[in-house]
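Remarks on the structure that follows.
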Amino acid sequence: MCLIPGCPLRCSFCATGKGGFARNLKRHEIVEQVLAIEDVFKHRVTNVVFMGMGEPMLNLKEVLEAHRCLNKDIQIGQRMITISTVGVPNTIKKLASHKLQSTLAISLHAPNQKLRESIVPSAKSYPLEAIMKDCRDYFLETSRRVSFEYTLLAGVNDTIEHALELAELLHEWGRSYHVNLIPFNPVEGSDYQRPYKKSTLAFAAALESRKITVSVRQTRGLDASAACGQLRNQFQKSPLLTGAEDQQSNSEIAVSC
Ligand code: SF4
């Protein structure tokens, strides 16, 4: 399903970013991914996430057109569509101005600017404070809750202290937030490790103790809540899933852009 145009942002844990950037997809190429899935699996797609192999906000015009087509022509509800981003300056405001009823998911991965820059180099041009302000404004503009994706990297960003710092950050900027924890899916050639399950659960419990709503995703290739950059391994090694176990995922897909 995934065409691979790559991504120029080069997040340190991401295999897609390591592969460099070829081009952005056109709106029809994005929509065709959904149509192809429906055709192959004979199953209606009901949830779509713009994410995973490429940064939607660097291709916002085509993403918005594809969003319109998915909603109006293919009849996928706006609330069933998520736009996931690592954060590109000035684009969250632009997205908010369209007042879509879709979820904004921010691939955060760190509770402070210094650590975030080491994981997401493009964060240098978009300080955490500016992202959080734009997320708060997105909620005020659209009334849609913002979701934060947090890939847990063993020994890097997965301690209780990190969790408490994250809770503090979120409380500082509002209440309508949800955190998706994604234990790192090992990528070939990466120095990062997947955390132990007990670390993941302790991290989640620390967030919950501070009244942050949190879910933990055990990543599968097509889990639509997987963070950006956590799909390539699965897609490239197993481009199409065929087992019965994966049937339930077919209605919920991530599209590259
Ligand atoms: S994690 Fe997402 S934004 Fe970062 S390099 Fe990978 S595809 Fe690009």
Side-chain angles (χ1 to χ4, degrees), residues 1-25 29-30 33 48-60 62-63 66 81-92 94-95 103-111 113 115-128 130-131 134-135 146-154 156-158 179-194 217 219-237 239 253-257:
M1 175 194 94
C2 283
L3 306 177
I4 303 171
C7 180
L9 296 185
R10 297 184 176 274
C11 300
S12 61
F13 62 88
C14 173
T16 305
K18 287 189 200 328
F21 174 67
R23 68 180 176 87
N24 283 322
L25 296 184
E29 293 174 299
I30 298 171
Q33 294 173 67
V48 170
V49 185
F50 288 89
M51 63 163 297
M53 301 171 113
E55 166 52 62
M57 296 301 207
L58 290 176
N59 191 20
L60 191 53
E62 299 296 320
V63 164
I81 300 175
T82 296
I83 298 176
S84 175
T85 177
V86 81
V88 174
N90 303 318
T91 55
I92 294 177
K94 205 176 285 180
L95 181 65
T103 300
L104 173 66
I106 303 289
S107 290
L108 198 66
H109 310 314
Q113 179 67 14
L115 181 56
R116 189 159 195 265
E117 281 183 20
S118 73
I119 298 170
V120 179
S122 63
K124 290 187 182 77
S125 64
Y126 198 4
L128 200 46
I131 290 192
D134 287 346
C135 288
V146 176
S147 172
F148 289 96
E149 313 294 325
Y150 194 106
T151 299
L152 288 164
L153 306 165
V156 176
N157 65 356
D158 67 338
V179 176
N180 272 327
L181 297 176
I182 302 116
F184 178 62
N185 231 3
V187 171
E188 227 168 80
S190 172
D191 294 335
Y192 293 123
Q193 304 291 324
R194 186 180 179 88
R217 300 292 172 178
T219 45
R220 296 173 300 166
L222 286 176
D223 188 322
S225 294
C228 195
Q230 286 284 272
L231 290 174
R232 177 178 182 262
N233 242 15
Q234 296 293 333
F235 277 132
Q236 290 199 322
K237 288 178 179 172
I253 69 165
V255 292
S256 51
C257 35

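In listed order, ligands and their atoms are each counted from 1.
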**Item:** Stepwise side chain to side chain donor-acceptor pair (under 3.5 Å) test for T151 and E149
**Value:** CA-CA 7 Å; T151 299; E149 313 294 325; over 6 Å; no
**Message:** A side-chain contact here means heavy atoms from C-beta on lying under 4.5 Å apart; do S147 and T82 qualify?
**Reply:** no
**Prompt:** Atoms of ligand 1 less than 4.0 Å from G54 heavy atoms?
**Reply:** 7 (S)
**Prompt:** Does some side-chain heavy atom of V86 sit less than 4.5 Å from a side-chain heavy atom of E55?
**Reply:** yes
**Asked** Side chains of L9 and V120: closer than 4.5 Å at any heavy-atom pair?
**Response** no
**Complete:** The answer for which part of M51 has a heavy atom under 4.0 Å from ligand 1 is neither
**Message:** Under a 4.0 angstrom heavy-atom cut-off, which atoms of ligand 1 come close to R10?
**Reply:** 5 (S)
**Asked** Which atoms of ligand 1 are found less than 4.0 Å from any heavy atom of C7?
**Response** 3 (S), 5 (S), 7 (S), 8 (Fe)
